[in-house]
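Nothing here was measured: the structure is a model prediction, and the numbers come from that model. Positions are given from 1, in the same order as the sequence printed here.
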Amino acid sequence: AVNAASGGIVSVPHGDGVTINADNISIASGGALSADGLGFWPQEGPGSNPGNGASHGGYGYTYNGYRRNLPYGSYQEPTALGSGGGSHSSAGLGGGAIKLNVSNTITIDGTVSANGHGVKATGGGSGGSIWIIADTIAGSGAIKADGGNFWSTNFDGGGGRISLAWTSGNLSFNGVV
């Protein structure tokens, strides 16, 4: 999908993730809402770079100064999928995209993630997108959109994008972002 809201165009689509609308959401300790590896396939996406880690919110790692693709997508309203890394089909998958639109409170004591996958050969996929809109954001869990690591050297994927927006309530989340 093009995903024009993220900056995608027909020739460089940004893909679509999932949107969940709810009154309240609670992710208990040990629980997870995950879009890990649900982004672009290896060698696909606007941040893919053959033989290297893919870019998204940050640059993927490259070897010897090879050209890196620029970061892409919106930092305020992130909805783009993470790009696939590497130079063949065994490279890392990009992270997916999650938008949580919560009219009251979201409590995250577990994990919300859109991480790229790491690999043993060629580059890691870039992290995806997480966009949380709620009256109150609470909890002590983790919110992650990490790039996938390359297990034998440093062709890691770049990190994704995370945006937290709270309306008339407050941000009492004291976990890891």
Side-chain angles (χ1 to χ4, degrees), residues 1-8 14-40 45-47 53-61 70-85 92-118 124-150 154 156-177:
V2 172
N3 192 354
S6 174
H14 287 190
D16 281 327
V18 63
T19 298
I20 299 172
N21 298 304
D23 291 331
N24 294 289
I25 293 178
S26 180
I27 300 171
S29 178
L33 176 58
S34 172
D36 294 355
L38 296 178
F40 284 104
S55 299
H56 178 193
Y59 288 106
Y61 183 87
L70 294 173
Y72 62 94
S74 171
Y75 68 91
Q76 293 176 318
E77 300 176 352
T79 57
L81 301 177
S83 292
L93 301 167
I98 300 171
K99 179 181 177 184
L100 302 174
N101 192 14
V102 184
S103 57
N104 293 313
T105 300
I106 182 168
T107 303
I108 303 168
D109 287 318
T111 303
V112 176
S113 63
N115 297 322
H117 279 179
S126 62
S129 296
I130 298 173
W131 182 13
I132 299 174
I133 305 165
D135 184 59
T136 300
I137 303 173
S140 59
I143 304 170
K144 297 178 161 192
D146 298 338
N149 66 344
F150 183 72
N154 291 321
D156 298 344
R161 296 187 183 271
I162 297 172
S163 176
L164 306 178
W166 56 99
T167 53
S168 61
N170 61 43
L171 177 65
S172 59
F173 182 79
N174 62 1
V176 176
V177 178

Could you check whether any side-chain heavy atom of [X] comes within less than 4.5 Å of a side-chain heavy atom of [Y], counting everything from C-beta outward?
{"X": "S74", "Y": "W131", "result": "no"}
{"X": "I143", "Y": "L164", "result": "yes"}
{"X": "S129", "Y": "K99", "result": "no"}
{"X": "F40", "Y": "P46", "result": "yes"}
{"X": "D36", "Y": "L38", "result": "no"}
{"X": "T79", "Y": "D16", "result": "no"}
{"X": "V102", "Y": "I133", "result": "no"}
{"X": "I132", "Y": "I108", "result": "yes"}

Identify the heavy atoms of [X] and [Y] that sit nearest to each other, and give their distance.
{"X": "S83", "Y": "G47", "result": "OG-N, 2.8 Å"}
{"X": "G84", "Y": "A54", "result": "O-CB, 3.5 Å"}
{"X": "G128", "Y": "A145", "result": "O-CB, 3.7 Å"}
{"X": "P71", "Y": "G57", "result": "CB-O, 3.9 Å"}
{"X": "I162", "Y": "P78", "result": "C-CG, 4.3 Å"}

Just by distance, do the side chain of [X] and the backbone of [Y] share a donor-acceptor pair under 3.5 Å?
{"X": "S126", "Y": "G160", "answer": "no"}
{"X": "D146", "Y": "G159", "answer": "no"}
{"X": "D135", "Y": "T167", "answer": "no"}

Measure the [atom1]-[atom2] distance between [X] and [Y] for me, rounded to the nearest 0.5 Å.
{"X": "I137", "Y": "F173", "atom1": "CD1", "atom2": "CZ", "result": "9.0 Å"}
{"X": "Y72", "Y": "S55", "atom1": "OH", "atom2": "OG", "result": "8.5 Å"}
{"X": "N115", "Y": "L93", "atom1": "CG", "atom2": "CG", "result": "12.5 Å"}
{"X": "N24", "Y": "T105", "atom1": "CG", "atom2": "OG1", "result": "5.5 Å"}
{"X": "H56", "Y": "H14", "atom1": "NE2", "atom2": "NE2", "result": "7.5 Å"}

- Item | Test item: side-chain donor near acceptor, D156 and N149, under 3.5 Å |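 Checked: D156/N149 side chains show no N/O donor-acceptor pair below 3.5 Å.
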
For S26, give me all partners under side chain to side chain donor-acceptor pair (under 3.5 Å), at least two apart in sequence or on another chain.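 For S26 there are no side chain to side chain donor-acceptor pair (under 3.5 Å) partners, ignoring immediate neighbours.
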
message = So, using side chain to side chain donor-acceptor pair (under 3.5 Å) as the criterion, who are the partners of Y59 when residues are at least two apart?
response =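 Once residues adjacent in sequence are excluded, Y59 has no partner under the side chain to side chain donor-acceptor pair (under 3.5 Å) criterion.
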
When L33, N21, T19 are each screened for side chain to side chain contact (heavy atoms under 4.5 Å, CB included) with L100, the one that passes is L33

